[in-house]
Amino acid sequence: MTRDATARTARDVLEEQGVLSSDTVGARVDGKVYDLHTPIPKGASDVTPIRAQDEDALPIIRHSSAHVMADAVQRLFPGTKVAFGPATADGFYYDYDRPDGTFSEDDLRAIEEKMAEIIEADRPFRREVVSRKQARELLKSLDEGFKLEHLERLEDPISLYRHGEWVDLCEGPHVPSTGFLKAFKLTSVAGAYWRGDERNPMLQRIYGTAFASPKALRAHLKQLEEAKQRDHRKLGKELKLFAFHPHAPASPFFLPRGATIYKLLEDYVRSLYARYGYDEVITPQIFDNELFHTSGHLPSYGENMYMAVTSENLENLQERIEKELPQTAEQWADAFEESLRFGVKPMNCPSHCLIYAMAKRSYRELPMRMADFGRLHRFERSGVVQGLTRVRTFAQDDAHIFCTLDQVQDEIKSFLDLVHDAYRDFGFTDVRIVIATRPEHRLGADHIWDQAEKALVEAVRSKGLPYDLAAGEGAFYGPKIEFHLKDAIGRPWQLGTIQADFNLPERFDLTYVGEDNTTHRPVLLHRAILGSIERFFAVLTEHLGGAFPVWLAPEQIALLTVSEKFNDYAQSVQKQLQDKGFRVTADLSSDKLGAKIRQARLMRIPYLGVIGQQEVEGQGLALRSRDENKDLGFISLPEVIDRLARENQPPSATDSTIGDSHR
RNA sequence: GCUGGCGUAGCUCAAUCGGUAGAGCACCGGUUUUGUAAACCGGCGGUUAUGAGUUCAAGUCUCAUCGCCAGCUCCA
C-alpha cells in the first residue's frame, strides 16, 4: 500500500462538512469523481457528495456491479478469465474467456444469486496504488492474460481494486462496499471480440443493469417493455405496414397501408423541394462499372455493392476461361472485370455527376439542386441487418447541390431551415447538431478544408443554433453536419446530414464557366433530410407508437355501421369523402359496434364515424377521435369534411411559425 | 462475417421422459341486426423452416443449409 497516511479522503472532508450520509457512494472533487476512501489532492477546494439517487452515482454503482459479477462468475466457473468490465449508458457488462463453454440463461440466474451473496456480505471496496512490477506479478499469479496485456497500455499510476478476496486492475471509482448495490439484473449474454477487433478471439460478454433502488430498476425494465411494444417490426406486422420474406432477406415489402405512408413521406419531401428550389430527377439502377471506377465506389465501397450479370456476360467469361485458364490472381481479376461489367448503384451521387456533366454549365445555373428518390442496393453482412433500420434495398430523400464555394454557406443555412421545418412537422423537437471535422486520412488541401469547415460552422452559428464538434469524424472527402434527434422514448437517431465534397467534382472533372469566363470547379453538397425513407419510417413508427396523424395515416377515417341497415348510407358517405380525397374505409360486416371499434382502434385509425339511425336522419356521423379517445358526438358531414381537411396537412402548412425562415 | 439463442396453421402461442400435432384470433359458411374495445354455432387450415442422420418411433436428439432475434465488428 502506498497510501499516504496523512492524505485526506473525500470521506474525511464530507464528514467535517457534516454532509456525509449513509447513501453517499462517492464524491465529486473539483469536478472529478472519487470514491470515499481514496486520498484526494491536497489543494482540493470543492468537495461535494454523490448520493445514490444522483445521476453521477449510476456509473459508480454499475461499475461496482460489474466487479461483483466478475467475482461471482469466477467463483462459480473457476478458470474463467476476465477482460473488460465497464459501465455503459444503461447498465454494465464484463467480458469473460470461459474455457469450458458459454453462459446460458440458467447460468445468469445462478450468477445473480451468487452476486446477491457477495452483496449481502457487504465487503468494502479498497483501492491500492501499486508499481507496474507489482501489478504484473499479481496478474501473472492470477493468470489473467487479458489484464496483463491491458496493463502494458496503461499509464501510471496503476491502481487495483479489491472487495473481499477479489481483485481487479481498475481505475475506479467504486461504491464504499458491496452492500451499496441495491438493485441489479443480468440481462443477456453475447459474444464480443477482445478489444473490439474482429481479428481477435471472441469472448463471452454478460450484460446487466443496475440502479440505485429496486424502484428505479423496475422503471427501467418497464421502459424496455414500452420500447418493445413500440418496436416498428412488431407494429409493422400488426398494422399490416410491411413484411419480409426469406426469398429477399433484409429487403422490405411495403404492403398497401405501409406503401401509402411511404408515398406520403416522399410527397411531403417533394412539397419541401418545391419550396426550397430543388429539381427531381430519375436515374438508372444499373451502370457500367466504369462509372463506379470513376466515382471511386468500386475500389472503396465494392464490398457493399451488388453486381449485375447477364447470361451473355457469363458466357463471355466461360469462353475466355476455356480459351486460356488464368494463371494468377491478377489474371482472374482481369477476366472477371472485363466480362462482368455492371454494378447496381449503392448511392445516387455518381449518376448526378453524370447529369451535371451532360452540358456545359454556367455559374448562372448554380446552385443546382438535384433530388432523387432512387432505389439503392447495398449488400450488408447478414448479422447487421435489422428491421427497416438496416436493409439491403432502400431509398433516400437524397439530393446533391452543385454550387460555388461562395454559395456553400447560404446553401447550408437554407438546409438548416429545411431540416428543422421537416423534423418539427413529424413531431421531433429534440434535435442536436454535430459538426464532424477533417479526419486524419483525407483528400484535398488543408486550405480548402479550412474554408469548408468554416462555412459549416458559420452557417450553424449564424442561425444561432447550438452544436457539438466531432473532431476527426468527417468523411474523407469533406466535413459534415449531422442531425441527431431523440424519439418519444428518448432514443437517439442520426437521420439527416449535409456534407461538403471536394473529391467527386475532381474525379468527374466537373466544371462551370464563371463570370470571369474561365473554368471553375464546383463544390458538391450531399444532403438528406429524413435520410433513408425506410429508416425514417421505422423511427417515425416507433416515435408515434403506430398512431400516425391524419395527414400520414393510411386510413384517415373508418365508417362503422351499427347494423347492416345503414350500409347504403355508409357507402354513400365513403364515396363522398373519397371524392374529397380522403382515405376512408367502411366496416360493413355483421359484427357488433363494439367489435368494429375495437378492430379500428387496434389499427390506430385517427377517426371513427359511427353510423346508425340518428346519423342517417341527421346526415352526419357520430365521430370518435383516436387521440382524444372519446366519442365527440354527432357531427354533420360538412363539418367532418372540414375537420379532416384541417388535419390533412403537415403542421407547417397551418403553423405560421414553421417555414417562415426561408420564405 | 463472428458468438449465443430461436424457427410448430396467416397471427399469438401450447404439446410432460422421444410415443396419435392442439387452442384462441384471423379466414369460409350459417344464425344474430346489433349504439362506442371481442355475439353465437359449424367448418377450412400443418411434409413442425429446408435437407440429411440416429431410433421400433423425432416437433422433441445429432449434423448441414436458410431465415429471424440479441450482441460484437461495420453502417443511412
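Quick caveat, the model's predicted, so the values are computed rather than measured. A, B, ... follow the sequence lines: proteins, then strands. Residue 1 opens every chain.
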| task | Quick one: sort the A:F428 and A:F536 rings into parallel, tilted or perpendicular, breaks at 30° and 60°. | result | perpendicular

| Where does the angle between the aromatic ring planes of A:H352 and A:H400 fall among parallel (under 30°), tilted (30 to 60°) and perpendicular (over 60°)? | perpendicular

Under 3.5 Å on both distances, the Watson-Crick or G-U partner of [N]:
N	value
B:U16	none
B:U62	B:A52
B:G71	B:C2
B:A38	none

With heavy atoms under 4.0 Å as the rule, sort [X] into base, sugar-phosphate or nothing.
X	answer
A:G612	base
A:A600	nothing
A:R378	base
A:Q599	nothing
A:E303	nothing
A:Q613	base

Within less than 4.0 Å of OP1 or OP2 of [N], is there a side-chain N or O belonging to [X]?
X	N	value
A:Y193	B:G71	no
A:Q386	B:A70	yes
A:K592	B:C40	no
A:R392	B:A76	no
A:S382	B:G1	yes

| Which of the following nucleotides, B:G1, B:A76, B:G71, is nearest to the side chain of A:Y207? | B:G71

| Side-chain-base donor-acceptor pair under 3.5 Å for A:E615 and B:G35 |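 Looking at the base of B:G35, it does pair with a donor or acceptor on the side chain of A:E615 (distance under 3.5 Å).
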
| query | When only distance counts, do a donor and an acceptor, one from the side chain of A:R390 and one from the base of B:C74, lie under 3.5 Å apart? | reply | yes

| request: Considering only atom P, compute the distance from B:A21 to B:U33 and round it to an integer number of Å. | output: 42 Å

| With rounding to whole Å, what would you report as the distance between B:A58 and B:A15 at their C1' atoms? | 14 Å

| query | For RNA chain B, whose closest nucleotide is more 5', that of A:K630 or that of A:F103? | reply | A:F103

| query | Taking atom NZ of A:K81 as the centre, does the number of heavy atoms from other residues, nucleotides or ligands within less than 6.0 Å exceed 12? | reply | yes

| field | Pairwise side-chain contact, A:W493 with A:H484, heavy-atom cut-off 4.5 Å (strictly under) | value | no

